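Letters go in sequence order (proteins before strands), and every chain restarts at 1. Computation of the quantities below employed the complete heavy-atom set of this structure, encompassing side-chain atoms and omitting hydrogens, waters and symmetry-equivalent molecules. None of these values were measured; they are calculated from a predicted model.
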Amino acid sequence: MLNRFIIHSKNNISITDTLFSGQSFQWNIELFDHVYYISIIDSVPLFIRAVSSNEFEVYSPYKQIKCIPLSEFICSYFSLDVDTEKVFPENFHELHPYLWELLTQYFPLRILRQDPFETIISFMCAQGIGMHLIRKQISMLTEMYGEKRTVTFKGKEVVLHNFPTPERLAAADPFALSRCTNNNRIRAANIITASRRVAEGKIDFETLHNRDIPLDELRRTLSENSGIGFKIADCIALFGLGRFDAFPIDTHVKQYLGAWFNSATALRPLSPASYLMMDAEARRLLKPEFAGYAGHILFHCWRKEIKKLRSF
DNA sequence: CCCCAGGCTTTTC
DNA sequence: GAAAAGCATGGG
């Protein structure tokens with residue numbers, strides 16, 4: 001029997017956008033009866049449906065997740081504690097009126113507070129590759145290495161897969177795993193190494209979760225791992241460690257910094273030096289403590305409004 | 001064959 | 001030290 005929860009948000013929230021907003025491709029996103037979204041987090045299956053602009057219902061066989069009441073976990077997971085009106089500086093709409101027009105419709109987007117290990121692996125799959133292929137890789141990883149679960153929902157059987165554990169990926173055969181990484185052997189090897197370091201405690205999320213760690217130190221620590229550079233390190237901080245101040249700069253962010261904010265640095269080739277310069281510029285344009293959160297909204301706005309990309 | 005896709009690593013100056 | 005080239009793979 002499934003428990004039912006109603007989750008309220010003080011801001012508008014778009015389930016569709018939110019589900020696709022972070023790199024949460026482990027979600028087994030399937031449209032169920034064109035209404036429900038099916039997902040699994042930390043072995044807990046969730047069935048989610050928007051019932052209005054600022055509330056949605058969740059069905060699950062369990063009442064809690066990670067020893068936290070489910071409704072509480074979901075508030076945290078969807079960042080419902082963040083007031084999206086306050087993510088941008090007060091005078092931002094005056095400085096950028098044209099951009100503001102495009103931007104406000106993306107406020108329902110939510111940054112998800114995702115599991116750090118999931119985030120590391122997901123973003124390691126996202127180097128110089130299209131969104132379509134990134135999601136394919138994550139799906140294959142969960143299907144091949146994640147524990148299978150079947151749940152009955154509204155009389156139908158639904159098959160889900162947990163995200164693989166660090167131990168499972170650490171023990172994987174590199175060649176076999178490369179089937180899940182777009183046949184990229186180097187990426188597969190890096191994923192195995194990183195998983196082993198997590199399993200051995202050499203990458204310790206308890207420690208990394210400390211919000212007193214300065215961003216540049218966090219970035220340096222994470223990017224010591226092979227296959228993780230500045231951008232992916234910042235993605236891990238933003239999506240996996242709840243550091244909404246972290247501002248990952250990828251090809252799209254670089255483009256909109258040039259086009260929307262006249263950044264001269266953004267017109268130059270990307271390098272560690274120019275990365276840090278753009279990072280500093282973004283902190284002046286945005287609220288430093290929410291630079292990454294705002295950047296993520298700008299990111300999706302750029303992709304959809306300017307680049308005309310259809311999928312998240 | 002070209003270029004691009006939510007970059008990273010190694011080589012070269 | 002920093003800029004440039006190399007890398008790896010699939011898709012348009």
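For D81(A) and R113(A), the salt-bridge test passes: some basic side-chain N is under 4.0 Å from an acidic carboxylate O.
Atom P of nucleotide dC8(B) and atom CD1 of I134(A) are separated by 12 Å, given to the nearest angstrom. As a whole-Å value, the separation of N190(A) CG from dT10(B) P is 10 Å. dC8(B) atom P lies 14 Å from atom NZ of K254(A), rounded to whole Å. In this entry the distance linking CZ of R219(A) with P of dG7(B) reads 16 Å, nearest Å. The interatomic distance linking E224(A) (CD) with dT9(B) (P) rounds to 12 Å, in whole Å. Atom pair R187(A):CZ and dT9(B):C1' shows a separation of 14 Å (rounding to whole Å applied). Between the NE2 atom of H252(A) and the C1' atom of dG7(B) there is a distance of 12 Å, rounded to whole Å. Here the C1' atom of nucleotide dG7(B) and the CZ atom of F123(A) are 13 Å apart, to the nearest Å.
For H96(A) and F261(A), the gap between ring centers is short of 6.0 Å. Aromatic pair F78(A)/F56(A): ring centres closer than 6.0 Å.
When the nearest nucleotides of DNA chain B are assigned to P248(A) and S223(A) by heavy-atom distance, the more 5′-ward of the two goes with P248(A).
For R268(A), counting side-chain heavy atoms from C-beta on, the closest listed nucleotide (dA3(C), dA4(C), dT9(B)) is dA3(C). Here the nucleotide nearest the side chain of K231(A), chosen from dC8(B), dA3(C), dA4(C), is dC8(B). Nearest nucleotide to the side chain of K307(A), out of dA3(C), dC8(B), dA5(B): dA5(B).
Nearest heavy atoms, S271(A) versus S274(A): N-OG, 2.8 Å.
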Can you list, pair by pair, the side-chain donor-acceptor contacts under 3.5 Å of residues 234-250 of chain A, counting residues two or more places apart and other chains?
unit_1	atom_1	unit_2	atom_2	d
D234(A)	OD2	R219(A)	NH1	3.0
D234(A)	OD2	Y275(A)	OH	2.6
R243(A)	NE	D245(A)	OD1	3.2
R243(A)	NH1	I213(A)	O	2.9
R243(A)	NH2	I213(A)	O	3.0
R243(A)	NH2	D245(A)	OD2	3.3
D250(A)	OD1	H252(A)	N	2.8
D250(A)	OD1	V253(A)	N	2.8

Write out a two-atom table: protein N or O, nucleotide N or O from nucleotides 9-12 of chain C, distance below 3.5 Å.
unit_1	atom_1	unit_2	atom_2	d
dT9(C)	OP1	N183(A)	O	2.7
dT9(C)	O3'	N182(A)	O	3.1
dG10(C)	OP1	N183(A)	ND2	2.7

Where do N or O atoms of nucleotides 11-13 of chain B meet protein N or O atoms at under 3.5 Å, pair by pair?
none

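If you take CG on L285(A) and CE on M278(A), they are separated by 12.5 Å, rounding to the nearest 0.5 Å. Note that the CD1 atom of I120(A) and the CG atom of D115(A) stand 9.0 Å from one another [nearest 0.5 Å]. Interatomic distance, CG of N11(A) versus CG of D83(A), reported as 4.5 Å (0.5 Å rounding).
Among the atoms of the strands shown, none is found under 4.0 Å from any heavy atom of L270(A).
The side-chain tip of K86(A) does not point at the ring of Y293(A) from less than 6.0 angstrom away and within 45° of straight on.
Distance check on atom P: dA8(C) versus dT12(B) gives 16 Å, rounded to whole Å.
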